[in-house]
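One structure below.
Reckoned from all heavy atoms, side chains included, excluding hydrogens, waters and symmetry mates.
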Amino acid sequence: MKTHIAVIGAGAFGGWTALSLLRGGAHVTLVDAWGPGNSRSSSGGETRIFRGAYGPNQPYTKMAARAGQLWKENEKRWNLKLLHQNGVLWMASPGDDQFERGSLLPLREAGIPYQELSVQEIAARWPQINLEGVQWGIYEPESGFLTARIACQEVLDGFVAEGGEYRQLAVAMRDLDGASWDSLSLSDGSKLRADQYVFACGPWLGKLFPETVGDHIRSTKQEIFFFGTPAGDDRFTDATLPVWGNHHERFMYGIPGNQGRGFKVADDTRGPEFDPTSGERTVSAEGLRTIRDYVAFRFPALKDAPLLESRVCQYENTPDNNFIIDRHPRHQHVWLVGGGSGHGFKHGPALGEMMAGLVLEDRGPDALFRLERFRK
Ligand SMILES: Cc1cc2nc3c(=O)[nH]c(=O)nc-3n(C[C@H](O)[C@H](O)[C@H](O)COP(=O)(O)OP(=O)(O)OC[C@H]3O[C@@H](n4cnc5c(N)ncnc54)[C@H](O)[C@@H]3O)c2cc1C
């Protein structure tokens with residue numbers, strides 16, 4: 001008989017984990033309270049950046065390289081486009097370019113194509129950017145952006161088409177650290193019994209496991225703005241502009257207009273604490289002002305661009321921004337996966353593959369991701 005694994009949470013982490021476990025030969029039940037990429041989840045919204053640059057000494061460039069292969073393999077299998085490779089441009093500031101400098105070796109080692117560009121080369125290619133305060137840049141021509149909630153839905157559709165079982169129900173939000181683990185209670189009154197459980201509940205993970213995870217995942221309010229680009233002008237759409245990131249006083253990033261939506265800009269600075277279930281998703285006047293000032297400075301032609309849409313999402317941050325991938329310390333058949341910390345989405349397929357290996361082959365996770373690092 002096949003091992004039965006229950007995966008709770010159908011976001012970027014849980015969806016890909018469920019699919020990879022299924023492909024690894026398990027019988028998998030995937031459960032989500034509000035559905036894949038729902039507006040409360042950290043995987044909701046239109047787009048996410050796919051990039052290789054991550055600074056020095058980290059596992060994520062390599063993980064992104066593997067994820068990129070898997071995104072493309074699955075695109076082929078499903079005959080659709082999820083990874084849009086319009087490139088990623090990093091604008092490095094003088095005296096504050098450790099991130100960009102430190103990214104070069106990992107990019108090279110992971111085989112992610114990149115070019116080092118002088119400020120003159122950047123100006124020649126993208127004259128619509130004001131390069132004041134920029135000294136040089138990295139361009140990743142094969143990186144770009146992913147469609148977020150659409151991808152989560154496609155992963156679920158693929159999972160169901162390949163024989164996975166999906167139930168849109170909630171696991172009771174109670175302390176699971178002390179649960180008996182005979183079965184899980186679901187919101188329709190039914191019980192779910194499995195051989196192993198994987199909890200990929202994003203910003204909710206600390207609430208479900210208050211003792212084990214608790215404050216090791218903190219949700220912060222993050223605001224995203226979409227501005228209208230000039231009519232008939234593709235200088236600020238993905239037709240000509242790459243995704244971009246800029247360490248300039250704060251870390252600002254954006255995704256050019258795509259699929260008829262506006263020019264997306266966000267400030268990566270961690271916002272105030274935010275409750276993913278009950279938090280009101282309205283952006284602040286202060287956040288809008290900061291973004292408008294930055295847009296006017298860096299993309300002068302968009303100085304008076306109208307705000308088309310805005311969103312509030314939450315990062316689910318760990319203290320060191322590394323993921324949590326571990327067994328529950330007292331319940332060895334329970335796995336905890338999360339802590340995407342504002343950068344997890346792109347890794348979904350690689351993380352899912354890793355999880356399938358750990359769960360099905362009974363292996364231990366890398367020390368970097370284990371919970372015990374918080375006890376040191
Ligand atoms: C504004 C913003 C920008 C970001 N930008 C990027 C980016 O550019 N690139 C990138 O790679 N990453 C980015 N990220 C990070 C990335 O989106 C997240 O790390 C990733 O989506 C987390 O996925 P997850 O599956 O862990 O969590 P989630 O997507 O939150 O999924 C958890 C799921 O669990 C379900 N759930 C919770 N509790 C229960 C329960 N009791 N019972 C049943 N179901 C439950 C929820 O409904 C939800 O669907 C960004 C995040 C935000 C918010």
Side-chain angles (χ1 to χ4, degrees), residues 47-58 60-65 67-68 83-146 224-225 227 229 233-258 263-269 290-291 293-303 305 321 342-343 345-346:
T47 47
R48 292 291 186 278
I49 297 174
F50 181 94
R51 58 166 160 122
Y54 254 97
N57 307 323
Q58 37 69 31
Y60 300 107
T61 302
K62 207 168 147 207
M63 205 186 283
L83 174 58
H84 298 259
Q85 295 172 287
N86 65 319
V88 172
L89 174 67
W90 294 93
M91 293 179 265
S93 306
D96 184 17
D97 63 353
Q98 309 93 312
F99 175 89
E100 290 82 2
R101 284 260 158 258
S103 293
L104 298 173
L105 179 63
L107 283 168
R108 194 158 52 246
E109 286 176 346
I112 296 183
Y114 71 93
Q115 299 154 12
E116 278 182 67
L117 299 180
S118 68
V119 75
Q120 292 76 13
E121 287 169 319
I122 302 174
R125 281 171 86 163
W126 299 290
Q128 62 273 54
I129 308 177
N130 167 29
L131 294 167
E132 212 178 312
V134 175
Q135 198 175 44
W136 65 285
I138 303 174
Y139 180 57
E140 299 178 32
E142 294 183 13
S143 298
F145 66 91
L146 292 152
I224 299 112
F225 301 90
F227 293 94
T229 55
D233 180 346
D234 70 4
R235 286 176 303 157
F236 301 100
T237 73
D238 61 346
T240 50
L241 196 66
V243 170
W244 52 270
N246 181 205
H247 291 96
H248 168 86
E249 293 163 11
R250 297 151 174 257
F251 175 53
M252 305 294 239
Y253 66 89
I255 301 181
N258 59 85
F263 180 85
K264 172 173 166 177
V265 191
D267 179 350
D268 185 61
T269 311
T290 304
I291 291 287
D293 288 351
Y294 178 81
V295 169
F297 167 70
R298 192 59 84 208
F299 302 95
L302 295 180
K303 181 171 174 288
N321 291 328
H343 66 98
F345 194 90
K346 69 183 79 57

So which atom in [X] and which in [Y] form the shortest heavy-atom distance, rounded to 0.1 Å?
X	Y	value
Thr229	Leu302	CA-CD2, 4.4 Å
Gln128	Pro300	O-CD, 4.1 Å
Ala110	Ala65	O-CB, 3.7 Å
Ser103	Gly55	OG-N, 2.7 Å
Arg48	Ile255	C-CD1, 4.0 Å
Pro113	Pro141	O-CD, 3.5 Å

Could you check whether any side-chain N or O of [X] sits under 3.5 Å from a backbone N or O of [Y], counting only pairs where one atom can act as donor and the other as acceptor?
X	Y	result
Asp268	Ala266	no
Arg298	Glu132	yes
Trp126	Thr240	yes
Asn86	Leu241	yes

Item to check | Aromatic plane relationship, His84 with Phe145 - under 30° parallel, 30 to 60° tilted, over 60° perpendicular | outcome: parallel

Just how far is it from atom [atom1] of [X] to atom [atom2] of [Y], taken to the nearest 0.5 Å?
X	Y	atom1	atom2	answer
Leu107	Lys62	CG	NZ	14.0 Å
Glu100	Glu116	CD	CD	11.0 Å
Leu83	Glu142	CG	CD	9.5 Å
Ser143	Ile138	OG	CD1	10.5 Å

Checklist entry - How about Tyr114 and Arg108: do any of their side-chain heavy atoms sit closer than 4.5 Å? => result yes

Checklist entry - Any side-chain heavy atom of Tyr139 sitting closer than 4.5 Å to one from Pro242? => result yes

Checklist outcome for this item: Only residue of Val295, Thr290, Thr269 satisfying side-chain contact (heavy atoms from CB on, under 4.5 Å) with Met252 is Thr290

Next on the checklist: For Trp244 and Val265: C-alpha separation, side-chain torsions, deciding distance, then whether side-chain contact (heavy atoms from CB on, under 4.5 Å) applies.
Outcome noted: CA-CA 9 Å; Trp244 52 270; Val265 191; 3.9 Å; yes

Next on the checklist: side-chain contact (heavy atoms from CB on, under 4.5 Å), that's the test. Do Leu89 and Ile129 meet it? Break it down for me.
Outcome noted: CA-CA 11 Å; Leu89 174 67; Ile129 308 177; 3.9 Å; yes

Next on the checklist: Test: salt bridge (charged side-chain N to carboxylate O under 4.0 Å, His left out). Region: residues 119-130. Which pairs qualify, not counting sequence neighbours?
Outcome noted: none

Would you give me the side-chain donor-acceptor pairs under 3.5 Å for residues 90-97, sequence neighbours excluded?
| unit_1 | atom_1 | unit_2 | atom_2 | d |
| --- | --- | --- | --- | --- |
| Trp90 | NE1 | Glu140 | OE2 | 3.0 |
| Ser93 | OG | His247 | O | 2.8 |
| Asp97 | OD2 | Trp136 | NE1 | 2.8 |

Next on the checklist: Checking Ile291 against Phe227 for the side-chain contact (heavy atoms from CB on, under 4.5 Å) test, could you report, in this order, the C-alpha distance in whole Å, the side-chain angles of both residues, the deciding distance, and whether it holds?
Outcome noted: CA-CA 10 Å; Ile291 291 287; Phe227 293 94; 3.5 Å; yes

Checklist entry - For His248, which residues count as a ring-ring contact (aromatic ring centres under 6.0 Å, His included) partner, sequence neighbours excluded? => result Tyr294, Phe297

